[in-house]
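Throughout, residue positions are numbered sequentially from 1 according to the sequence presented. For ligands, and for the atoms within them, numbers begin at 1 and follow the listed sequence.
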Amino acid sequence: MRIWLDGALRDTESARVSVFDHGLTVGDGVFETVKAVHGRAFALTRHLERLTTSARGLGLPAPDLDEVRRGCAAVLDAVPMALGRLRITYTGGVSPLGSDRGEAGPTLVVALSETSRRPDTTAAVTVPWTRNERGALAGLKSTSYGENVVALARARERGASEALFGNSVGALCEGTGSNVFVVLDGELHTPPLHSGCLAGITRALTLAWAGAKETDLPLDALERAEEIFLTSSLRDIQAVTRIDGRQLADAPGPVTAEAMRIFAERAAADFDPR
Ligand SMILES: Cc1ncc(COP(=O)(O)O)c(C=O)c1O
């Protein structure tokens, strides 16, 4: 495995960040997870735009996107693989021990690991913890992911691969690493961004390509939904067959199957959809 760190490609053993890096000490950083297929990063331009938005939201200097692109190209060329998880991490850099950020400047890491295609269907659970749609980090892809770690562990304990959150007013929000879509009375809906969910790139492409309404929904919409699916860079569109104790008959249902078909067709036709 080769890692891009602070301007150069390095071996895993020599790619080291400081123990004083603010990403490590207080989770002061932002990141992107990008699907890489045979050495090509899907929707990279959108991911880089979101990296900049997230960095700005945390008050980090805007990342040098030419350098990020160089880093992505370098690791993708160095390690050929059919399907990869390309991970861009950009942190507050070396800082004092505490929440004040230091003067050293940000740390940039680009890494790649091999992954396998997700199954077309999965199980999800709801969790009792809430997303704070009014929090300082709402909608930012920050490395402060502890809440997602806890929720995903809960999902795994229950034989599921994703945990879904409501927000502080009980509205359906998102998963630990995915957005959620539901079919109600034959119509496809997804929570709006003001629910506090991440502006998922797969969500945006699904809205644009397959069409869906952005609707404020209560968390218990999941109990009545005829179909549910998750979207994320590595899941694309993935049908939910079981939510908590409820089995959804014949998932992927017709609306989900059509969205999956359209997504696969459009993504194959344009690897960097703007
Ligand atoms: C909290 C959260 N919501 C949604 C998503 C889906 O976003 P995307 O489709 O851009 O991968 C992610 C991605 O990992 C995420 O971490």
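- Scanning both residues, Arg50 and Leu198, for their nearest heavy atoms gives NH1-CD2, 3.4 Å.
- Under the 3.5 Å distance criterion, the side-chain polar atoms of His47 are left unmatched by any main-chain donor or acceptor of Ile88.
- Here Arg46 does not pair with Glu32 in a salt bridge; the nearest charged N to carboxylate O distance is not below 4.0 Å.
- Residues in residues 112-141 take part in these salt bridge (Lys or Arg N to Asp or Glu O under 4.0 Å) pairs, two or more places apart or across chains: Arg117-Asp120, Arg118-Asp120, Arg131-Glu174.
- Within 4.0 Å of ligand 1, counting heavy atoms only, the contacting residues are Arg50, Arg131, Lys141, Tyr145, Glu174, Gly175, Thr176, Gly177, Ser178, Asn179, Leu198, Gly200, Ile201, Thr202, Thr231, Ser232, Ser233.
- Test Asp236, Leu234, Leu205 against Phe42 for side chain to side chain contact (heavy atoms under 4.5 Å, CB included) and you get one pass: Leu205.
- Between the side chain of Thr121 and the backbone N or O of Val240, no donor-acceptor pair lies under 3.5 Å.
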